[in-house]
Amino acid sequence: PFTLDELIQELSLKGITYGIDWGKCSEAITSCKKGKIVIARGEPAKPGKEGHVELLFASKPKIPIKAEEDETVDFRQRYVYNSVEAGEILAIKHPPEIGTSGISVTGEIIIPPTPRDVVLAAGDGAILTKDGKRVVATRPGRPTVARRHNMVKVSVVNELVHNGDVDLSSGNIVYKGDILISGNVTENMSVESNQNIMIKGLVCAAKVQALGSVFVQGNILSSTITAGKTTDFQKKLLPALHILAEGLQEMAVSIQHLQEERNLTMRDDKEDIGPLLKFLLEKKYSYLIDAVKVLRQEAMLHEMCAEEIEFINNIKKALVECPLTVNNLSELLQLVQEASALEQALTYQPNTEGNIVALSIQNSKVIATGDIEVVGSGCYISQVQAGKNVNISGVVRGGTIRACGDVYIGELGSKGGAVATVVANPTSVVTIGRAFVNSVVRLGGRSYRFDREEQNIRFRMDKEGKLIFVNL
C-alpha cells in the first residue's frame with residue numbers, strides 16, 4: 001500500500017490537482033480491502049438548452065371534444081376546428097441558453113457543447129416581428145407549421161376545405177376563415193365562419209352563418225342562412241320597429257273598415273278616431289304599446305338623431321300617453337309611413353357586408369347585409385331580407401321579400417292567389433316581370449295589391465311620397 005507521501009507524489013506525477021478528496025485518500029492508504037476508491041472528482045460541464053419554438057396552437061386541424069361521464073353527448077358537437085383570428089400570436093422563439101463550463105481533475109476547463117439555435121420564419125398569412133421572436137397571424141384561418149432542419153415556418157391557411165357532407169360524422173363546423181364544403185349541409189347541422197362560406201351541395205334543415213358572404217350552389221331547404229353582421233343596437237331595435245310598422249298598418253286598415261261600415265270615408269278629416277284607436281289598443285293591439293316601450297328604452301341607451309327621437313316621442317304620445325288626441329286616420333297613416341321608413345333606414349347599417357347567392361330557396365329564412373341573388377327556380381314560402389339589392393330571376397311563391405335597395409323578381413305570386421309580398425325602401429325601385437292577383441308591393445308606408453295579372457311593371461315613389469308604377 002501507498003503511504004500518504006507516495007500517494008501525493010503519484011497524484012503530482014499524473015497532474016491531478018483539482019477536486020482531491022483527502023478523506024478518501026486517507027481511507028485508501030489505510031484500508032486492507034480490495035476495490036476502487038474515488039479520491040478526486042472534477043466538475044462536469046453542464047450543457048445548455050437548445051433554441052426551440054413554442055407553438056401557441058394545436059398542430060391538428062381539428063380536435064375531438066371529450067364529454068365527461070355525466071354529460072349528455074351531442075354528436076353534432078364532435079370537433080373543434082383549429083382556427084385563429086388576425087393579430088393572434090402563433091409562435092414564440094426561445095433562444096438557446098449557453099451551458100456552464102466544467103473542470104477536470106487536472107485543472108483543465110471543460111467547455112460545454114454549443115447549443116443549436118433555431119430559425120423562426122413566417123409563411124403566408126403571418127408575419128415575423130422585428131426581433132424575430134414571434135409570428136403573428138395577419139388573417140383569420142387555420143395555423144400550420146412546417147419544419148426543415150433547424151427552421152420552423154408558421155403559416156395561416158385561410159380556407160378550410162371539408163370534403164363530403166356536414167353531418168353527424170363530421171360534426172358542426174365553426175371556423176374563423178373561409179370554408180369550402182364539397183357536399184351538403186344536412187339536417188340539424190350548422191356551419192359558422194368569420195369569413196365566407198361556399199357550399200357546393202344543398203342546405204337542408206340546417207343553419208349557415210357567415211360574417212362574409214354565403215354561396216350555395218344547390219337549394220336552400222327549410223334552413224336559416226345569414227351573411228354579414230349587424231350591431232347589437234339594431235338587433236334590439238329592428239324587431240320592435242317591424243312590429244310597429246306591421247301592426248300600425250293593420251290597425252289603420254281595421255279603422256278604415258269600421259269607418260266605412262258607419263258610412264264614413266278617409267276624406268272626412270274632421271272625424272275623431274281617438275276613441276276607436278284607444279278601444280283597439282286595449283282589446284287587440286296592446287302589443288304595440290309594448291313595442292313603443294322597447295323603442296323608448298333603447299333610445300335612452302343609445303344616441304339617436306333628432307328625427308328618430310321625434311318619431312319615438314310622437315308614437316309614444318299617440319299610442320301610450322294620449323290616443324284620444326288622434327283626430328283622423330291620416331295622422332295614423334303618417335306614423336305608419338314613418339315607422340316603415342325608420343325600419344328600412346336602420347335595417348342594415350352593417351359592421352360587415354355579406355352577400356348570399358343560391359340556386360333556390362324553399363321554406364327558409366335568408367338574411368344578408370348586402371345583396372341576395374337567386375339564380376335558379378326562385379323562392380317558395382320564404383322570408384328574404386337584404387341590406388342592399390334582391391335579384392330573383394325565377395318565381396316568388398308566397399313569403400316576403402324585403403330590401404333596402406332595388407328589387408327584381410321574374411314572377412311574383414301564383415295563379416292560385418298565394419300572397420307574395422315585396423317590402424322595399426322608399427328610395428328603391430321594384431321591377432317585376434309578371435305579377436299575379438293578390439301579390440303586394442310596399443314602398444315605405446305605401447302599398448299596391450294586384451287585382452289582376454300584369455307583366456313588366458316597375459314601382460317607385462315620387463317626390464311627393466306617392467307610389468307610382470309604369471309598364472315597361
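The first residue of the sequence shown is numbered 1, and numbering continues consecutively from there.
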| request: Quick one: do Tyr380 and Ser364 satisfy side-chain hydrogen bond (donor to acceptor under 3.5 Å, both in side chains)? Show the steps, please. | output: CA-CA 8 Å; Tyr380 304 84; Ser364 297; over 6 Å; no
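- Two residues are said to be in side-chain contact when any heavy atoms from C-beta on lie closer than 4.5 Å; Leu277 and Met251 meet this criterion.
- Ring pair Phe450/Phe459: centre-to-centre distance below 6.0 Å.
- Within the 3.5 Å criterion, the main-chain N or O of Leu467 finds no donor-acceptor partner in the side chain of Arg446.
- Counting non-hydrogen atoms of other residues, nucleotides and ligands closer than 6.0 Å to CZ of Phe279 gives a total of 12 or fewer.
- One N or O on the side chain of Glu88 and one on the backbone of Glu85 form a donor-acceptor pair closer than 3.5 Å.
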| said: Please determine whether side-chain hydrogen bond (donor to acceptor under 3.5 Å, both in side chains) holds for the pair Tyr175 and Gln195, giving the CA-CA distance in whole Å, both sets of side-chain angles, and the decisive distance to 0.1 Å. | reply: CA-CA 9 Å; Tyr175 187 66; Gln195 297 291 309; over 6 Å; no
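- Taking a 6.0 Å sphere around NZ of Lys153, one finds it holds 12 or fewer heavy atoms contributed by other residues, nucleotides or ligands.
- Under the salt bridge (Lys or Arg N to Asp or Glu O under 4.0 Å) criterion, Glu331 pairs with no residue, sequence neighbours left out.
- For Ile127, the CD1 atom counts as loosely surrounded, since its 6.0 Å shell holds 12 or fewer non-hydrogen atoms of other residues, nucleotides or ligands.
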| Pair Asp124-Val156, side-chain contact (heavy atoms from CB on, under 4.5 Å): steps then yes or no | CA-CA 6 Å; Asp124 293 339; Val156 177; over 6 Å; no
In a table with atom names and distances, give each donor-acceptor pair under 3.5 Å that connects a side chain of residues 206-222 to protein atoms at least two apart or in another chain.
from: Ser213; atom 1: OG; to: Asn355; atom 2: N; distance (Å): 2.9
from: Asn219; atom 1: OD1; to: Ser360; atom 2: OG; distance (Å): 2.6
from: Ser222; atom 1: OG; to: Asn363; atom 2: ND2; distance (Å): 3.4

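- When side chains are defined from C-beta on, Val185 does not count as touching Asp165, because their heavy atoms never get closer than 4.5 Å.
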